[in-house]
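Structure first, commentary second.
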Amino acid sequence: GENVEQHPSTLSVQEGDSAVIKCTYSDSASNYFPWYKQELGKGPQLIIDIRSNVGEKKDQRIAVTLNKTAKHFSLHITETQPEDSAVYFCAASYGSGGSYIPTFGRGTSLIVHP
Amino acid sequence: GAVVSQHPSWVICKSGTSVKIECRSLDFQATTMFWYRQFPKQSLMLMATSNEGSKATYEQGVEKDKFLINHASLTLSTLTVTSAHPEDSSFYICSANGDEQFFGPGTRLTVL
């Protein structure tokens, strides 16, 4: 099965700095890579995703890159704000539309200091 | 965007009792829903896949007789934790796949 490794487990930055979270996956058949933000006591929320036919995707301050050859993908948050503080999970899965079950990384606790 | 709700948001029960958690897709139909369990500071662990009109598919190591799943309609799946024990205390999260996977807000179960 798929195995997703995520680093770092904890990331502490100053407000305005950039934050980068990296993940690797093992199954070359995986073709969908979502990122989730989970605030304390809440369910995960999808913040950005990327499919294997794309190398990079950006949405305002958030960007994700994918290297299929190396089987790794990264989340980049620029101009971090205190409200970005949360646990971020990467995931990898195979499938399209609603037919996929993601394998999650272990999560990164991002702390943005004002 | 699509919304998935869970009820209750938290529950405290005595050891040995059963607890039912509901998961609803509010504005789309979901033939498949998923149940996850999350312990503090850990990732989401898939427990089972809930299929409308058929039996759930359980992940290895998850007791199907302890965690009963019913998916009676295209918008509702329920998870019943039977004979709950303190080690079942956890954060239970459901999800449903529309165009993407939408997660519910979670249910905090505390078994005394």
Side-chain angles (χ1 to χ4, degrees), chain A residues 1-11 21 23-25 27 30-51 54 57 59 64 75 85-111, chain B residues 1-11 21 23-26 28-52 56-61 74-75 90-110:
Chain A
E2 177 64 274
N3 181 52
V4 177
E5 299 285 339
Q6 182 172 348
H7 299 280
S9 57
T10 304
L11 180 58
I21 303 171
C23 290
T24 60
Y25 61 99
D27 190 347
S30 290
N31 60 2
Y32 178 64
F33 307 92
W35 285 88
Y36 297 92
K37 176 183 181 182
Q38 186 179 27
E39 298 178 340
L40 189 63
K42 298 183 179 180
Q45 296 290 317
L46 179 71
I47 56 171
I48 195 168
D49 56 13
I50 191 168
R51 299 189 183 275
V54 176
K57 184 177 179 181
D59 182 4
V64 58
L75 177 71
S85 298
V87 178
Y88 291 80
F89 292 98
C90 63
S93 66
Y94 173 79
S96 59
S99 63
Y100 60 89
I101 304 176
T103 299
F104 288 89
R106 295 179 66 87
T108 296
S109 177
L110 174 64
I111 303 168
Chain B
V3 177
V4 174
S5 70
Q6 278 183 243
H7 178 79
S9 56
W10 60 271
V11 56
I21 303 170
C23 176
R24 295 180 184 273
S25 57
L26 297 183
F28 67 103
Q29 294 182 331
T31 55
T32 304
M33 292 184 174
F34 304 93
W35 286 96
Y36 294 84
R37 182 167 51 183
Q38 185 179 35
F39 291 107
K41 297 186 178 182
Q42 294 191 22
S43 190
L44 286 77
M45 297 302 297
L46 181 66
M47 298 175 65
T49 301
S50 172
N51 304 298
E52 188 268 336
T57 304
Y58 290 83
E59 295 299 301
Q60 190 174 8
L74 290 173
T75 59
S90 188
F91 194 51
Y92 292 85
I93 306 171
C94 72
S95 72
N97 281 359
D99 294 334
E100 61 187 63
Q101 190 171 47
F102 298 98
F103 286 88
T107 296
R108 172 74 59 193
L109 170 63
T110 302

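Within every chain, numbering begins at 1; the chains are lettered A, B, ... in the order of the sequence lines, protein sequences first and strands thereafter. Given the structure is predicted, the values throughout are model-derived calculations rather than measurements.
Using a 4.5 Å heavy-atom cutoff, the side chains of A/F104 and B/Q42 are not in contact. A 4.5 Å side-chain heavy-atom check between B/Q101 and A/P102 finds at least one atom pair inside the cut-off.
Heavy-atom distances place no part of A/Q6 under 4.5 Å from chain B, backbone and side chain included. Contact annotation for B/L44: both backbone and side-chain heavy atoms come within less than 4.5 Å of a heavy atom of chain A. Of the atoms belonging to B/Q6, not a single heavy atom falls under 4.5 Å from chain A. Within the 4.5 angstrom heavy-atom criterion, no atom of B/S95 approaches chain A.
Expressed to the nearest 0.5 Å, how far CZ of B/F103 lies from CG of A/L46 amounts to 9.0 Å. Note that the OG1 atom of A/T103 and the CG atom of B/L46 stand 8.5 Å from one another [nearest 0.5 Å].
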Criterion side-chain contact (heavy atoms from CB on, under 4.5 Å) on A/Q38 and B/F91, from CA distance to verdict | CA-CA 13 Å; A/Q38 186 179 27; B/F91 194 51; 3.9 Å; yes

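Counting heavy-atom pairs closer than 4.5 Å to chain B, the top residue among A/G41, A/G107, A/S9 is A/G41.
Using modelled atom types, one side-chain atom of B/S43 and one backbone atom of A/G105 make a donor-acceptor pair closer than 3.5 Å.
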